[in-house]
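Sequential numbering from 1 along the given sequence is applied to the chain's residues. This one's a predicted model, so the numbers in the text were calculated from it and none came from an experiment.
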Amino acid sequence: MDYIITEFGAVADGVTNNQKAIQEAIDTCTQAGGGRVVVPAGEFLTGTLILKSNVTLHLEAGSVLTGSLNPEDIIDFARNVEDPNEDIGWEGGCFLCAFHEKNISITGEGTIYGQGDKVFYDDGADGEFHECPKNVRMEERPRTTFFEDVENLTVRGVTFRDAAFWTLHMAGCRHVIVDGVRILNDVRGANNDGIDPDTCQDVVISNCIVKSGDDAIVVKNSAPMAKKYGACENITISNCVLYSHDSALKVGTETCEAIRHVILSDCVFRDCSRGVGIWVRDGAVIEDIHVHHVSGNTKRYADCPQRDFAPRWWGKGEPVFISATPRRKGEHPGCIRDITFDHIYMTVESSLFIAGEPDSEIENVTIQDMQLTMKSQGTQKPELFDEQPSVRNVYPHDIPGVYARSVRDLHVSGIIRREGVYREYPLTELHNCTNAEIRIKER
């Protein structure tokens with residue numbers, strides 16, 4: 001059956017808080033055994049909505065479901081979550097959520113609007129380059145979604161626009177399909193990640209367009225979810241176009257349990273500060289990660305290090321960034337092993353970067369059929385390595401074509417074309433590597 005929200009009293013004026021009416025439709029639907037809760041054409045403002053088992057939230061063409069920014073309208077879902085990792089930022093609540101449910105879908109041709117354009121503003125902190133992360137008007141910003149421990153979750157067809165914080169956050173979920181979704185966020189918005197499979201298993205992400213300031217897709221294992229749900233594994237990503245002022249695909253940095261069996265294929269990366277970044281920081285193992293058939297470009301953007309809030313982007317234009325180094329002094333980051341890349345065609349502004357430490361060597365990395373063009377594309381000079389968040393942080397360095405440190409069993413082959421200042425740097429730079437085979441042709 002269809003449960004149309006206007007029949008429960010929802011008003012499409014963009015002003016009325018329709019939380020009670022829409023929640024009543026959801027509750028009625030699940031109590032009856034399931035069906036579709038339908039959002040018809042028009043703009044419906046609402047506070048937090050809790051989705052339930054066997055409910056499809058269906059947005060018809062022309063519909064806009066707008067999330068309130070009023071703290072009184074937002075459920076703070078994480079008040080009782082204890083998280084030692086201060087980088088995660090659980091505060092702020094969320095707009096659409098579900099907890100320990102089954103068979104939930106969000107479908108249709110409508111739009112879910114997070115009002116991030118009313119949160120972010122340009123304060124000119126980067127010397128008027130207008131590239132650094134924008135400032136914010138509110139400290140605690142709501143996620144657009146948060147789904148915890150949902151089995152059989154489907155998100156298909158809808159458009160997410162202007163998230164104020166993370167957009168599609170799935171935590172401890174199993175059997176997830178994200179298909180044909182558009183995420184159109186501010187490309188200078190801090191923390192407005194696109195899709196975050198956090199401690200999830202069996203996830204398929206395909207045919208999506210993601211634009212975000214923060215990472216487009218992040219596969220992670222955060223501390224509170226790792227305690228509950230274990231490893232993050234069995235994730236495929238394909239046929240996507242990914243824009244980001246951070247990574248197109250990030251694996252980590254939250255690595256409080258294992259991350260394994262991840263494949264990305266047949267994607268385009270556009271104007272990202274990194275292509276694929278793989279970080280281990282919190283003591284776990286990242287293994288069996290495979291990336292193939294990728295094209296696009298990476299760039300370095302202006303930072304604003306004099307500002308406390310979001311002072312810089314993570315990434316300086318690397319096509320591939322693999323990093324195992326301590327988050328804080330005295331900690332062991334964990335292990336990265338069994339990684340492959342092939343058929344990578346990109347224009348970039350920094351090195352192919354693979355760096356571990358003597359007590360946390362990166363193991364068994366193969367990169368082949370790679371064609372990189374290193375040339376300036378933006379406003380910033382190629383002069384920095386960026387290993388944040390870590391004890392090494394950001395520091396001046398030459399920008400070689402390939403940089404490797406503390407790697408065992410490394411095999412890199414392909415073509416690198418270098419223009420301008422990049423010709424002044426070494427083509428390769430290796431430190432403390434064992435069984436490293438670098439076969440690069442320069443053209």
Side-chain angles (χ1 to χ4, degrees), residues 83-89 125-126 129 131-135 166 187-193 196 212-223 244-256 259 272-284 286 298-334 336 348-357 360 362 378 380-399 403-406 431:
D83 179 11
N85 186 343
E86 60 187 19
D87 293 331
I88 289 181
D126 61 7
F129 285 112
E131 295 179 355
C132 74
K134 290 183 178 179
N135 215 325
W166 295 3
V187 294
R188 292 179 58 200
N191 313 114
N192 63 357
D193 300 18
D196 291 63
S212 60
D214 216 321
D215 308 295
I217 298 176
V218 190
V219 180
K220 63 174 62 186
N221 208 320
S222 62
S244 173
H245 275 25
D246 273 322
S247 299
L249 170 65
K250 177 192 283 186
V251 179
T253 57
E254 290 86 16
T255 45
C256 296
I259 300 175
C272 300
S273 66
R274 280 199 175 112
V276 175
I278 303 174
W279 286 258
V280 68
R281 291 290 185 269
D282 303 311
I286 297 178
T298 57
K299 298 172 65 174
R300 180 187 167 194
Y301 294 96
D303 295 325
C304 49
Q306 73 280 3
R307 190 175 70 192
D308 291 335
F309 171 76
R312 55 168 65 97
W313 304 110
W314 290 7
K316 300 295 178 279
E318 304 90 345
V320 174
F321 175 88
I322 305 175
S323 172
T325 200
R327 188 187 292 273
R328 287 171 286 266
K329 187 176 181 180
E331 298 180 346
H332 187 271
I336 298 174
V348 304
E349 288 196 318
S350 193
S351 308
L352 191 158
F353 185 98
I354 309 168
E357 302 291 348
S360 54
I362 296 170
Q380 306 300 301
K381 295 179 180 179
E383 58 188 2
L384 297 174
F385 271 0
D386 180 357
E387 298 191 56
Q388 60 183 318
S390 78
V391 294
R392 292 180 179 267
N393 202 23
V394 180
Y395 53 95
H397 200 282
D398 290 348
I399 308 299
Y403 176 84
R405 182 186 73 227
S406 296
H431 301 278

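- Between atom CZ of residue R188 and atom CG of residue D126 there is a gap of 6.0 Å, rounded to the nearest 0.5 Å.
- Shortest non-hydrogen contact noted between G213 and S244 is O-OG, 3.6 Å.
- Between the D215 side chain and the S247 main chain, a donor and an acceptor come within less than 3.5 Å of each other.
- Between F385 and H397, the two ring planes are parallel [angle under 30°; tilted spans 30° to 60°].
- The shortest side-chain heavy-atom distance between L249 and V219 falls under the 4.5 Å cut-off.
- Ion pair E387/R405 flagged as a salt bridge, since at least one NZ, NE, NH1 or NH2 atom sits closer than 4.0 Å to an Asp/Glu carboxylate oxygen.
- In this structure the side chain of K134 never reaches within 4.5 angstrom of the side chain of N192, judged on heavy atoms.
- Annotation: the span from S351 atom OG to D398 atom CG amounts to 9.0 Å, rounded to 0.5 Å.
- Contact annotation: the side chain of P382 never approaches that of K316 to less than 4.5 Å [non-hydrogen atoms, C-beta and beyond].
- A 4.5 Å side-chain heavy-atom check between D386 and R300 finds every atom pair outside the cut-off.
- A donor-acceptor pair shorter than 3.5 Å can be found between the side chains of T325 and E357.
- Residues passing the salt bridge (charged side-chain N to carboxylate O under 4.0 Å, His left out) test with D214: none are found, sequence neighbours excluded.
- Ring planes of F353 and Y403: parallel class, angle under 30° (limits at 30 and 60°).
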Could you walk me through whether C132 and R307 satisfy the side chain to side chain contact (heavy atoms under 4.5 Å, CB included) test, starting with their C-alpha distance in whole Å, then the side-chain angles of each, then the deciding distance to 0.1 Å, before giving a yes or no? CA-CA 10 Å; C132 74; R307 190 175 70 192; 4.3 Å; yes
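- Nearest heavy-atom pair, S406 versus G356, reported as atom, atom and distance to 0.1 Å: CB-C, 3.5 Å.
- With rounding to the nearest 0.5 Å, the separation of CD in E131 from CD in Q380 is 6.0 Å.
- The environment of N393 atom CG is dense: over 12 non-hydrogen atoms of other residues, nucleotides or ligands sit within 6.0 angstrom.
- To the nearest 0.5 Å, the span separating CD1 on I336 from CD1 on I259 amounts to 9.5 Å.
- Looking at residues two or more places apart in sequence or on another chain, you find a side chain to side chain donor-acceptor pair (under 3.5 Å) between S323 and R281.
- For the residue pair D193 and K220, the shortest heavy atom distance occurs at OD2-NZ, 4.5 Å.
- Although no hydrogens or angles enter the test, the distance criterion places a donor-acceptor pair under 3.5 Å between the side chain of S273 and the main chain of W314.
- Scanning both residues, K329 and V391, for their nearest heavy atoms gives N-CG1, 3.3 Å.
- Annotation for S360 and H332: closest pair CB-NE2, 3.9 Å, computed over non-hydrogen atoms.
- For the atom pair CG (N135) and CG (D308), the distance works out to 10.0 Å, reported to the nearest 0.5 Å.
- Between P133 and W313, some side-chain heavy-atom pair lies under the 4.5 Å cut-off.
- Judged as a salt bridge (charged side-chain N to carboxylate O under 4.0 Å, His left out), and not counting sequence neighbours, R312 has no contacts.
- A pairwise comparison of heavy atoms in W279 and I286 identifies O-CD1, 3.0 Å as the closest pair.
- Note that CZ of R327 is 4.0 Å distant from CG of D282, once rounded to the nearest 0.5 Å.
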